[in-house]
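Every heavy atom of this structure was used, including side-chain atoms; hydrogens, water molecules and symmetry mates were not.
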Amino acid sequence: MSAIGIDSGLDLAGIGGGPDDISRRLESLPASSTLWRLVMLLSLGGCFEIYDLFFTGYIAPGLNRSRLLTITTEAFFGFSGIGAFVAATFAGLFIGTFFLGFLADRFGRRSIFTSALLCYTAATVAMACQTTSGGVLLWRLIAGIGIGVEIITIDAYITELVPSWMRGRAFAVNQAIMFTAVPVVAALSWWLVPLSPFGIDGWRWVVLIGAAASMIIWVLRLLVPESPLWLARQGRMAEANKILETLEASGGAAALSERATAVRPLRVTKRASFAELLQPPYLSLVALFMVFNFCQAFGFYGFANWVPTLLVEKGITVTRSLQYSFIVAFAYPVAPLLAASFADRFERKWIISGAGVAIIAFGTAFSQLAQPALLILSGVLLTAANMTMSYAYHAYQTEVFPTAIRARASGLVYSMSRVSATFSGFIIAYVLRKLGVGGVFGLITAAMVVVIITIAAFGPNVRGKLLEA
């Protein structure tokens, strides 16, 4: 299997203006402060998405305490339990990624980046005001739709602004900044969930604080330009050139560097429909990343969304479990920063495979240990492995597809992780009730074995290759 649109053997002699020219100029950009600032601004916008996504697990004990949802249910598809809350989140994410990923390809990265964030912020505020389990689940579903669109848009955005030789580091920094939201939401949950300030349930305060802070997006949208590659695709070359000239001037890149001239340009690819994505030449890549995403979600969300609950099931009190979860949460932003040191030195496929092995090892340790210090350490290391896999595949599954279909294609394959995570809420709740914490990590191990085999055997090489224009 080989990557579509990232092969590297044509001659530069045939290059003219247009998208190809924009692509190779982007490849020549140095790592200027302006370029890193754009990565940081997009990542700050993603912070609110991560905050919203991760309070799924951290407010779960509060939802149970408010008697809105139970920890587990007798029925497999019990819609009165925490599993249903997790499922509603990821059902919304599936709708956003599978059905609405095309929006960023059609209307641009910048406008969808803004509108998707506002959409799920409004839905989250509505959810915080609900007094029935049905109302909570409905608005959580709607919020998930906005989160799904936002995730795909940010990934495509960064891929198209950053040259290949630093894209791994850019995604590592992106994940580090975005996931600073996790210790924040963990700290707020540890503090507020057991309480009812001013007679309002603590979990509602956690939700509303994040929604209020997300209004910063109105400032961020004024500081981030549209993707030059997307503009070139729409025939808006004057705007694309203007943005690139600004980026080039900021880094002193007046002409193509040796790095850019060493890589060939690629054929222009027309926009493809969903049906065409399931046919050659895209089918093999789509199938690979669908299988990968379906399985990786069990490892990531099977732990991330259930940390406090898993700790409670190990006999730890709600307050203490939230305290432990808060400590573990610091691994979310720190791990990608450490991974940035090797992010562009190895192929993405080997980083992902190695992270899968680490998830199995540290997950097994977490399920067996009971001593607090060792339990926390294994949780930190498991989280670090999950985050290493996360930054690598977010870059990987966007750069293998050409610009015209990047958001649509990555949304299609990423939607499988949303399907997986939707059902994983019910599956993990059921396994937890029947087999305990050890059974949950046995399930995660099986999923990671599939990830390692598929990516190591069939994953394409992408390191140092130019994006398809």
Side-chain angles (χ1 to χ4, degrees), residues 50 54 57 168-169 171-176 178-179 182-183 186 288-289 291-307 310-311 314 324-325 327-371 373-397 417 420-421 424 428 437-459 462-463:
I50 296 300
F54 269 74
R169 280 179 291 156
F171 269 92
V173 170
N174 161 253
Q175 296 277 289
M178 288 172 60
F179 279 84
V182 181
L288 167 67
F289 283 97
V291 171
F292 164 75
N293 274 290
F294 188 87
C295 293
Q296 65 84 12
F298 274 93
F300 193 95
Y301 295 109
F303 182 69
N305 284 341
W306 289 84
V307 178
L310 291 172
L311 289 169
K314 288 174 74 71
Y324 290 179
S325 300
I327 297 171
V328 169
F330 279 98
Y332 284 100
V334 172
L337 286 179
L338 296 177
S341 63
F342 59 80
D344 291 304
R345 295 184 181 181
F346 306 101
E347 281 290 347
R348 310 269 190 258
K349 61 186 290 183
W350 300 122
I351 293 175
I352 292 170
S353 299
V357 173
I359 289 169
I360 292 173
F362 299 133
T364 301
F366 185 90
S367 68
Q368 300 299 317
L369 296 170
Q371 204 276 334
L374 294 177
L375 190 62
I376 292 171
L377 177 61
S378 62
V380 167
L381 293 174
L382 175 56
T383 300
N386 269 321
M387 288 306 302
T388 299
M389 178 180 288
S390 178
Y391 95 78
Y393 83 74
H394 274 279
Y396 199 30
Q397 69 186 17
S417 72
S420 173
S424 74
I428 288 174
V437 176
V440 170
F441 282 96
L443 181 66
I444 290 173
T445 295
M448 287 302 103
V449 169
V450 176
V451 163
I452 295 165
I453 292 173
T454 54
I455 292 296
F458 303 110
V462 297
R463 183 167 173 256

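With a 4.5 Å cut-off on side-chain heavy atoms, Gln397 and Asn293 count as touching. With a 4.5 Å cut-off on side-chain heavy atoms, Leu375 and Leu311 count as touching.
Nearest heavy atom pair, residue Ile376 against residue Tyr324, reads CD1-CD2, 3.8 Å. The two residues Ser417 and Ala297 make their nearest non-hydrogen contact at O-CB, 3.4 Å. Contact record, Pro336 with Pro333: CD-O, 3.4 Å, taken as the closest heavy-atom pair.
Counting only residues at least two apart or in different chains, salt bridge (charged side-chain N to carboxylate O under 4.0 Å, His left out) contacts with residues 448-458 are absent. Screening residues 381-392 for side chain to side chain donor-acceptor pair (under 3.5 Å) gives Gln175-Ser390 as the qualifying pairs, with residues at least two apart or on separate chains.
We find the CG-CE distance between Leu338 and Met387 to be 11.5 Å, quoted to the nearest 0.5 Å. In this structure, CZ on Phe171 lies 8.5 Å from CZ on Arg348, to the nearest 0.5 angstrom.
Listed by chain and number, the residues in a salt bridge (charged side-chain N to carboxylate O under 4.0 Å, His left out) with Arg169 are Asp344 (sequence neighbours excluded). Here Tyr393 pairs with Gln296 under the side-chain hydrogen bond (donor to acceptor under 3.5 Å, both in side chains) rule; sequence neighbours left out.
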Would you sort out whether Tyr396 and Phe289 count as a side-chain contact (heavy atoms from CB on, under 4.5 Å), showing the intermediate values?
CA-CA 10 Å; Tyr396 199 30; Phe289 283 97; 3.5 Å; yes

With side-chain contact (heavy atoms from CB on, under 4.5 Å) as the criterion, how do Phe292 and Ile352 come out once you've worked through the C-alpha distance, each side chain's angles and the decisive distance to 0.1 Å?
CA-CA 10 Å; Phe292 164 75; Ile352 292 170; 3.7 Å; yes

Going by atom type alone, with no hydrogens or angles, which donor-acceptor pairs under 3.5 Å involve a side-chain atom of residues 353-370 and a protein atom two or more places apart or on another chain?
residue: Ser353; atom: OG; partner: Lys349; partner atom: O; Å: 2.8
residue: Thr364; atom: OG1; partner: Ile360; partner atom: O; Å: 2.8
residue: Ser367; atom: OG; partner: Thr364; partner atom: O; Å: 2.7

Give every donor-acceptor pair under 3.5 Å between a side-chain atom in residues 437-458 and any protein atom, sequence neighbours left out.
residue: Thr445; atom: OG1; partner: Phe441; partner atom: O; Å: 2.9
residue: Thr454; atom: OG1; partner: Val450; partner atom: O; Å: 2.9
residue: Thr454; atom: OG1; partner: Val451; partner atom: O; Å: 3.1

